[in-house]
Amino acid sequence: MKIAFVGKGGSGKTTLSSLFIRHLAADGAPVVAVDADINQHLGAALGLDEDEAAALPAMGAQLPLIKDYLRGTNPRIASAETMIKTTPPGEGSRLLRVGEENPVYDACARPVRLDGAAIRLMATGPFTESDLGVACYHSKVGAVELCLNHLVDGRDEYVVVDMTAGSDSFASGMFTRFDMTFLVAEPTRKGVSVYRQYKEYARDFGVALKVVGNKVQGEDDLDFLREEVGDDLLVTVGHSDWVRAMEKGRPKPYGLLEPANRDALRTLLAAVTDTYERRDWERYTRQMVHFHLRNAESWGNAKTGADLAAQVDPAFVLGETAAGISAPLPA
């Protein structure tokens, strides 16, 4: 199951995503966590110190390896150089699975232990000085989108992505890659503005969207969110001494998180679980192809010098029964 946490900067989306990851890990679920925000804070929220967080490999720096691995023996893709962030898989492509070992995880993921359980953590990498004037941040998250396009995930295994702030994810098709999107909103006009943008953009794509109210201090805050987002409001989260201790670098065991906040995380998980029976892999694949063709026409063909529409395999549908090769990279 693929879950995104979105919201405006400072809304608490990274904190909420880290708590949800801890909740999944406490239940023993396999988890791949991805920090796709330009401000790389998920590692710290999961308990890494500054040096450990800075040492996380950048997925963007491993893009040639990722492309070469995922391309596999797909005859529709002439070379790794002709792959772009939206390139869909087809017959012969290598597919990623949450719990497996593969060269992509070897290069890009690092284990993080949470109260004895281990998750995999991946990060796009920060926007560096060398990128200034020559790249936009959307190119940084291209590696994440490419991996999601080749991911086969099942029930009770999870990929949790802490997305870039605001509505930047709509610059590509990545917002359609998730079973559930949790929008973290404070009870303010600015707090719900991103919700309105997401709701408008996502309407035509069947995106499952629920609002998590954060920093809610009383009935007035709750009434405000109910008025602004209606039935999309799933649950609210209030002040947490546990979170405050974590932010001071004094983390406590997850079992000591306040019962009300643990109940809120159970509500999030129940909402994710409810989406499983409604998964539509054919629609998912169609949307993948839709955004690939749009990118091919607008910039991809010119950049690669290839007809990227020819990469689409019309007979291929991604899904839990999709076949993919699993041989290692050539030496």
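Scope of the values below: all heavy atoms of this structure, side chains included, with no hydrogens, waters or symmetry mates. Keep in mind that this is a model prediction, so the values were computed, not measured.
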Review point. Are the side chain of Asn295 and the backbone of Gly300 linked by a donor-acceptor contact shorter than 3.5 Å?
Key: no
**Study point:** Residues Leu209, Leu183; criterion side chain to side chain contact (heavy atoms under 4.5 Å, CB included); working and verdict
**Key:** CA-CA 7 Å; Leu209 177 66; Leu183 191 144; 4.0 Å; yes
Review point. Is Asp263 paired with Arg266 through a side-chain N to carboxylate O contact shorter than 4.0 Å?
Key: yes
Exercise for review: Could you tell me whether Tyr69 and Tyr105 have their ring centroids closer than 6.0 angstrom?
Suggested key: no
Practice item. Check the pair Ile84, His292 against side chain to side chain contact (heavy atoms under 4.5 Å, CB included), reporting the backbone distance first and the verdict last. Key: CA-CA 8 Å; Ile84 62 174; His292 179 63; 3.9 Å; yes
Exercise for review: For Arg286 and Trp281, indicate whether the former's side chain and the latter's backbone hold a donor-acceptor pair under 3.5 Å.
Suggested key: no
**Study point:** Asp37 vs Met163 side-chain heavy atoms within contact, under 4.5 Å
**Key:** no
Exercise for review: Salt-bridge test for Asp153 and Arg97: reply yes if a basic N is under 4.0 Å from a carboxylate O, no otherwise.
Suggested key: no
Exercise for review: Decide yes or no on salt bridge (Lys or Arg N to Asp or Glu O under 4.0 Å) for Glu81 and Arg71, but give the supporting numbers first.
Suggested key: CA-CA 10 Å; Glu81 288 73 23; Arg71 181 171 70 97; over 6 Å; no
Exercise for review: Count the heavy atoms of every other residue, nucleotide or ligand shown that sit under 6.0 Å from CD of Glu91, and state whether that count exceeds 12.
Suggested key: no
Exercise for review: May I ask you to check if Lys8 and Tyr195 form a cation-pi contact, with NZ or CZ under 6.0 angstrom from the six-membered ring centre and within 45° of the axis?
Suggested key: no
Check your understanding: How about Arg283: does its CZ atom have over 12 heavy atoms from other parts shown lying under 6.0 Å from it?
Key -> yes
Exercise for review: Keeping the roles fixed (side chain from Asp68, backbone from Pro64), state whether a donor-acceptor pair exists under 3.5 Å.
Suggested key: no
Revision key, fill the gap. For Val216 and Leu222, the nearest pair of non-hydrogen atoms, with its separation, is CG1-N, 4.1 Å
Point to revise | salt_bridge(Arg155, Glu277) N-O dist < 4.0 Å | key: yes
Check your understanding: With no hydrogens and no angle check, is any side-chain donor or acceptor of Thr82 less than 3.5 Å from a backbone partner on Thr304?
Key -> no
Review point. Salt bridge check: are Glu320 and Arg279 linked by an N-O gap of less than 4.0 Å?
Key: yes
Check your understanding: Are the side chain of Trp242 and the backbone of Pro251 linked by a donor-acceptor contact shorter than 3.5 Å?
Key -> no
Review point. Is the backbone N or O of Tyr254 less than 3.5 Å from a side-chain atom of Asp115, with the two atoms forming a donor-acceptor pair by type?
Key: yes
Check your understanding: Could Asp221 and Lys215 be called an ion pair, given the rule that one side-chain N must be under 4.0 Å from one carboxylate O?
Key -> no
Review point. If we only count heavy atoms from C-beta on, is the Leu293 to Val312 side-chain gap below 4.5 Å?
Key: yes
Exercise for review: State whether the side chain of Glu258 and the backbone N or O of Asp241 hold a donor-acceptor pair below 3.5 Å, judged by distance alone.
Suggested key: yes
Practice item. Tell me, with the steps shown, if Asp179 and Thr275 meet side-chain hydrogen bond (donor to acceptor under 3.5 Å, both in side chains). Key: CA-CA 7 Å; Asp179 296 290; Thr275 69; 4.7 Å; no
Review point. Are Arg177 and Tyr284 in a cation-pi contact, defined as NZ or CZ under 6.0 Å from the six-membered ring centre and within 45° of the axis?
Key: yes
Check your understanding: Is the shortest heavy-atom distance from the side chain of Phe20 to the side chain of Ile3 under 4.5 Å?
Key -> yes
Point to revise | Polar side-chain atom of Gln287 near backbone of Phe205 as donor-acceptor pair, under 3.5 Å | key: yes
Review point. Within a reach of under 6.0 Å around CD of Glu297, are more than 12 heavy atoms found that belong to other residues, nucleotides or ligands?
Key: no
Point to revise | Exam field: side chain Asp27 to backbone Ala29, donor-acceptor pair closer than 3.5 Å | key: no
Point to revise | Derivation and outcome, side chain to side chain contact (heavy atoms under 4.5 Å, CB included), residues Leu24 and Leu269 | key: CA-CA 8 Å; Leu24 296 173; Leu269 180 54; 3.7 Å; yes
Point to revise | The single option from Arg196, Lys199, Arg203 passing salt bridge (Lys or Arg N to Asp or Glu O under 4.0 Å) against Asp232 | key: Lys199
Practice item. Have a look at Val6 and tell me which of Phe178, Phe175, Tyr198 forms a side chain to side chain contact (heavy atoms under 4.5 Å, CB included) with it. Key: Tyr198
Check your understanding: Counting distance only, does the side-chain N/O of Asn214 pair as donor-acceptor with the main-chain N or O of Ser11 below 3.5 Å?
Key -> yes
Revision key, fill the gap. Partner of Ser93 under side-chain hydrogen bond (donor to acceptor under 3.5 Å, both in side chains), picked from Asn149, Asn74, Thr87, is Asn74
